[in-house]
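First comes the structure, then the notes that go with it.
All heavy atoms count here, side chains included; hydrogens, waters and symmetry mates do not.
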Amino acid sequence: MSDAKWTRVGEDMRIEGSLSTGSPLVVEGEIVGDVTTPRQIEIAEDGLIHGAVRGDEVIVAGKIEGPVTTTGRLLILASGSVVGDVAVKSILVEEGGSLTGRCKMG
């Protein structure tokens, strides 16, 4: 994370409902609902999102269960998993990472 102000969902947090923020977001806990930001979203190894995710760049070390839309890059790290269709400008899946769904690039 850079020095910019980040919204953080801590590892001991569970949010039920949609979350929208104008700042970058890091998810270490669980969100059951849609997540939207015009900035970067990072899902930590223990992080989990059940819902649609929209952001500029999405980095997944944990798990997303739902569709992902980015205006930039989707990066699925070796420990990361996305179950859902994705619409991205670019995508990188590290060895060990997984994507179960359709991918639309453009």
Side-chain angles (χ1 to χ4, degrees):
M1 291 191 291
S2 69
D3 292 337
K5 291 185 180 181
W6 285 68
T7 299
R8 181 175 173 204
V9 176
E11 61 187 30
D12 61 342
M13 294 177 69
R14 175 184 166 99
I15 295 175
E16 293 187 19
S18 296
L19 174 65
S20 179
T21 180
S23 61
L25 172 68
V26 62
V27 178
E28 298 169 336
E30 181 178 4
I31 299 174
V32 180
D34 298 343
V35 175
T36 304
T37 180
R39 309 283 297 276
Q40 180 176 326
I41 300 171
E42 292 184 13
I43 296 88
E45 277 194 43
D46 293 329
L48 175 60
I49 298 175
H50 300 278
V53 175
R54 291 182 177 271
D56 173 52
E57 179 178 50
V58 178
I59 301 171
V60 185
K63 187 169 188 175
I64 296 174
E65 295 178 347
V68 177
T69 303
T70 72
T71 55
R73 178 177 71 155
L74 171 62
L75 172 58
I76 303 173
L77 301 176
S79 60
S81 170
V82 175
V83 178
D85 294 344
V86 300
V88 299
K89 184 175 180 182
S90 68
I91 186 169
L92 175 62
V93 181
E94 289 186 345
E95 185 174 345
S98 69
L99 169 62
T100 305
R102 293 176 290 185
C103 179
K104 179 180 178 184
M105 292 180 65

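- Not one N or O on the side chain of Thr36 forms a donor-acceptor pair closer than 3.5 Å with the backbone of Arg54.
- Between Val9 and Ile15 the shortest side-chain heavy-atom distance falls below 4.5 Å.
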- Item | Chi angles and distances behind the side chain to side chain contact (heavy atoms under 4.5 Å, CB included) call for Cys103, Val88 | CA-CA 8 Å; Cys103 179; Val88 299; 4.2 Å; yes

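- Glu94 places a side-chain N or O within 3.5 Å of a backbone atom of Ala78 that can act as its donor or acceptor partner.
- The hydrophobic clustering, which links ILVMFWY residues whose side-chain heavy atoms are closer than 4.5 Å, places Val86 and Leu75 apart.
- Residues Ile64 and Val58 have side chains in contact (heavy-atom distance under 4.5 Å, counting atoms from C-beta outward).
- No continuous path of hydrophobic side-chain contacts links Val83 to Leu99 [ILVMFWY only; heavy atoms under 4.5 Å].
- For the atom pair His50 NE2 and Arg14 CZ, the distance stands at 6.5 Å (nearest 0.5 Å).
- Side chain of Ser79 to main chain of Ala61: a donor-acceptor pair is present (N/O by atom type, distance under 3.5 Å, no hydrogens or angles).
- Minimum interatomic distance between Leu48 and Ile43 (heavy atoms only, all atoms of both residues): N-CG2, 4.2 Å.
- The two residues Asp56 and Thr70 make their nearest non-hydrogen contact at O-CB, 3.7 Å.
- Leu92 is not connected to Ile41 by any chain of hydrophobic side-chain contacts under 4.5 Å among Ile, Leu, Val, Met, Phe, Trp and Tyr, and they are in different clusters.
- In this structure, CD on Glu30 lies 11.0 Å from NZ on Lys63, to the nearest 0.5 angstrom.
- Side-chain contact between Arg39 and Leu25 is absent, with no heavy atoms from C-beta onward closer than 4.5 Å.
- In this structure, Asp85 contributes its side chain and Pro67 its backbone to no donor-acceptor pair below 3.5 Å.
- In this structure, Glu16 CD and Ile31 CD1 are separated by 11.5 Å, a value rounded to the nearest 0.5 Å.
- In this structure, Val60 is a member of the same hydrophobic cluster as Leu19, with clusters built from ILVMFWY side-chain heavy atoms closer than 4.5 Å.
- Ala44 and Glu28 make their closest contact through CB-CG, 3.9 Å (heavy atoms, listed as atom of the first residue, atom of the second, distance).
- Nearest heavy atom pair, residue Gly66 against residue Val82, reads O-CG1, 4.3 Å.
- In summary, the side chains of Thr7 and Ser23 do present a donor paired with an acceptor at a separation below 3.5 Å, with no hydrogens or angles considered.
- Nearest heavy atoms, Met105 versus Ile91: SD-CG2, 4.1 Å.
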